[in-house]
2 protein chains.
Amino acid sequence: MTKPRKNAQILDQSTSVKSEHIRVPALQPNEHQGPDCRAVASVLSRVGDKWSVLVIMMLIDKPLRFNEMKRMIGGISQRMLTLTLRGLERDGLVTRTVFPTIPPRVDYELTDLGRGLALPVKALGQWAFEHRPEIEGAREAFDTRNGKG
Amino acid sequence: MTKPRKNAQILDQSTSVKSEHIRVPALQPNEHQGPDCRAVASVLSRVGDKWSVLVIMMLIDKPLRFNEMKRMIGGISQRMLTLTLRGLERDGLVTRTVFPTIPPRVDYELTDLGRGLALPVKALGQWAFEHRPEIEGAREAFDTRNGKG
DNA sequence: CTGTATCCGACGTGATACTG
DNA sequence: CAGTATCACGTCGGATACAG
């Protein structure tokens, strides 16, 4: 029973930002449920998002323009940068400021909310960095005894 | 039949745990790259994973058996629980203990590494919980001014 | 420069059936 | 009970072309 969303419309796959970004099914059991858990999950999914954290980290220092970020990241496509920024904007984590000049200029900047999120995310990132050897070692060990046991 | 997909190639889609769980492309630019960034990203992707965090949180209190967890989560399929647990095991975050009884019994338990990860994850979760209203408000506001101006 | 629209392959996820 | 195998299907994400 995959939740019936509002309406499964014609697969608007373009640059719109409609999905909740994670489809949390029906967690009905005992303790790990409720709307709270669902809301938390949707935030966590943003953290796990391929680009969002990277974008947030880049914006900590100072606001940036679209192509500045695109260049800094390097591997990202225009489409995904747009989608990522729209998602962050929708969640109130970044602001989008358009300067009606020619050529157009758009600045993206972290909100206070976004800066707040950056803190626990950085803590997590630091943990990941510090324990990187253990995790990679565990992976190799697992793959070895499991791949050619 | 709008999109006949005859190209359905036989992927190894079963319960193997091969991918690095995130496919970080070629980040070659200036500062947000290198193997470090890649490793951190793979950990973050696990946090963003649909079920991993939920499983970790459940295991904090005490070890659990396969079907105990399945029942507690409720919405998860057997396959995804298996895949999630295998991924966590591969990363050295949980241990898998088989008791060769009949019927078989398998306990899953957090490692020290897993318990360590739980801390920053909980901090992040708490942030998400506390700021849930702001995020949801921002989403509604965004959708309103963007969906029906 | 800053996007938006579209095509298409790859991957994630659930449902189901089967095994030890 | 604890998985594994297979299939179906939706979504993600890159490449490309086009627009303001």
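These numbers were taken from a predicted model, which means no experiment stands behind them.
With rounding to whole Å, A/L81 atom CG is found 17 Å from D/dT16 atom C1'. Put simply, NZ on A/K70 is 10 Å from P on D/dG14, counting in whole angstrom units.
For D/dG3, the OP1/OP2 oxygens have a side-chain nitrogen or oxygen of B/R96 closer than 4.0 Å. For the pair A/W51 and D/dC12, the criterion of a side-chain N or O lying under 4.0 Å from OP1 or OP2 is not met. Contact between the side-chain N/O atoms of B/Y108 and the OP1/OP2 oxygens of D/dG3 is found at a separation under 4.0 Å.
Looking at the side chain of A/R86, the nearest of the listed nucleotides C/dT4, D/dG14, D/dT4 is C/dT4. Checking D/dA2, D/dG13, C/dC1 against the side-chain heavy atoms of A/R79 singles out D/dG13 as nearest.
Judged as a ring pair (Phe, Tyr, Trp, His ring centres under 6.0 Å), not a single pair has a partner in residues 60-112 of chain A (not counting sequence neighbours).
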Which pairs would a plain distance check flag for residues 113-129 of chain B, meaning a side-chain donor or acceptor within less than 3.5 Å of a matching protein atom at least two apart in sequence or in another chain?
residue	atom	partner	partner atom	Å
B/R115	NH1	B/L110	O	3.4
B/R115	NH2	B/L110	O	3.3
B/R115	NH2	B/D112	OD1	3.2
B/Q126	NE2	B/E130	OE2	3.2
B/W127	NE1	B/H131	NE2	3.2

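Contacts between residues 97-107 of chain A and DNA chain C, defined by a heavy-atom separation under 4.0 Å, are made by A/P103, A/P104, A/V106.
Between the OG1 atom in A/T82 and the CD atom in A/E89 there is a gap of 11.0 Å [rounded to 0.5 Å].
Every residue two or more places apart in sequence or in another chain that forms a salt bridge (Lys or Arg N to Asp or Glu O under 4.0 Å) with B/R105 is listed here: B/D107. Residues meeting the salt bridge (Lys or Arg N to Asp or Glu O under 4.0 Å) test with B/R132, sequence neighbours left out: A/D36. In this structure A/E140 satisfies the side chain to side chain contact (heavy atoms under 4.5 Å, CB included) test with no other residue, sequence neighbours excluded.
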